[in-house]
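These notes are about the structure you will find just below.
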Amino acid sequence: MKLPTDLVQNLNEQLNRELYAQYFYLVMASYFLEKELKGFGRFFLKQSKEEGEHALRLFSYLMEKGVPFHPLPLEIPPKNYETPLACFQAAYEYEQKVTLSYYNLLKKVRDMGEYDTEEFLWWYIREQREEENLMQGWVHKLTLIGEDAVGLLVLDKEAGEAAEKEESD
Ligand code: FEO
């Protein structure tokens, strides 16, 4: 079934949010790598790659539906953060914002009876739950260590190992 024009626009905006997340996390990776916190750097590189895949999934859906692609401008993500915790808090906040945008869209497609797109969106709802949990977990751990430099190095190592494990799975 052909997608209504406003739904095409909404899906394209979601694609843009995913591309922004890819860019956002790439910049966050640079924030950590430039501080020699390579574990967190690797973590955000992995997140960035995943966000790119989320964007591609939306792109493929639009192509499958025969929709012409209209690229949207991308914002430039912030580069500097006061602390690693502030960086993770920004990531967590962004994930919550993205989740809310998927909830709003899900409600809309349900009301419209666009069940094909509803089924497509459920994958993102589940993915968002995982990503929010992940970011929330790191915010929690970084809050616990406070200003402890040794604690930060331990968490950096843990983040790097977790990213490496996921990449090899
Ligand atoms: Fe794919 Fe975390 O938004």
Side-chain angles (χ1 to χ4, degrees), residues 3 6-33 37 39-65 67 69-79 81 84-110 114 116-143 155-156 158-169:
L3 291 175
D6 63 329
L7 189 51
V8 169
Q9 171 72 12
N10 294 143
L11 289 167
N12 206 15
E13 285 163 1
Q14 291 306 117
L15 196 161
N16 190 263
R17 288 186 181 100
E18 299 289 357
L19 283 179
Y20 178 78
Q22 180 182 26
Y23 201 11
F24 197 26
Y25 295 159
L26 191 66
V27 174
M28 285 180 175
S30 75
Y31 166 82
F32 286 110
L33 292 171
L37 290 165
F40 287 128
R42 186 167 192 171
F43 169 84
F44 275 107
L45 281 178
K46 179 184 71 67
Q47 293 308 117
S48 177
K49 188 165 167 256
E50 283 184 15
E51 298 298 355
E53 286 164 6
H54 299 173
L56 277 180
R57 188 180 271 257
L58 277 152
F59 178 79
S60 300
Y61 187 68
L62 291 170
M63 290 297 110
E64 184 189 313
K65 293 285 182 184
V67 172
F69 182 56
H70 295 292
L72 298 173
L74 263 188
E75 263 181 63
I76 298 173
K79 163 92 196 208
Y81 296 93
L85 172 61
C87 181
F88 271 91
Q89 276 168 333
Y92 180 40
E93 275 167 29
Y94 188 70
E95 290 299 340
Q96 290 175 89
K97 203 171 127 183
V98 173
T99 301
L100 192 60
S101 66
Y102 277 113
Y103 285 170
N104 289 337
L105 191 52
L106 186 67
K107 181 174 185 324
K108 178 171 172 170
V109 296
R110 277 193 164 178
E114 285 287 338
D116 201 14
T117 304
E118 177 184 335
E119 193 271 335
F120 171 74
L121 289 176
W122 272 109
W123 183 89
Y124 286 90
I125 301 284
R126 282 189 287 271
E127 189 67 19
Q128 281 309 118
R129 187 166 68 219
E130 275 180 27
E131 292 190 340
E132 275 196 34
N133 281 341
L134 184 65
M135 294 302 179
Q136 190 183 27
W138 284 111
V139 166
H140 182 66
K141 286 179 185 178
L142 286 161
T143 304
L155 291 185
D156 179 58
E158 186 186 326
E161 285 170 358
E164 187 180 355
K165 185 174 178 300
E166 270 200 46
E167 281 160 4
S168 63
D169 280 350

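Just follow the structure's listing: the first ligand is 1, and inside any ligand the first atom is 1. Source: prediction; values computed, not measured.
- The name of the N, O or S atom in E95 nearest to atom 2 (Fe) of ligand 1 is OE1.
- Heavy-atom contacts from other residues, nucleotides or ligands closer than 6.0 Å to OH of Y103 number 12 or fewer.
- Using a cut-off of 2.8 Å, one finds that E131 contributes no N/O/S atom close to atom 1 (Fe) of ligand 1.
- A salt bridge between E158 and K141 is present, with a side-chain N of the basic residue lying under 4.0 Å from a carboxylate O of the acidic one.
- The backbone N or O of H70 sits less than 3.5 Å from a side-chain atom of N12, completing a donor-acceptor pair.
- Under 2.8 Å from atom 2 (Fe) of ligand 1 lies no N/O/S atom of E50, from backbone or side chain alike.
- Restricting H54 to its N/O/S atoms, the shortest distance to atom 1 (Fe) of ligand 1 is reached by ND1.
- Residue E18 counts as close to atom 1 (Fe) of ligand 1, with an N, O or S atom under 2.8 Å.
- Restricting E51 to its N, O or S atoms, the one at the least distance from atom 1 (Fe) of ligand 1 is OE1.
- Between F32 and Y81, the distance separating the two ring centers is not shorter than 6.0 angstrom.
- A salt bridge links K46 with E50: at least one charged nitrogen is closer than 4.0 Å to a carboxylate oxygen.
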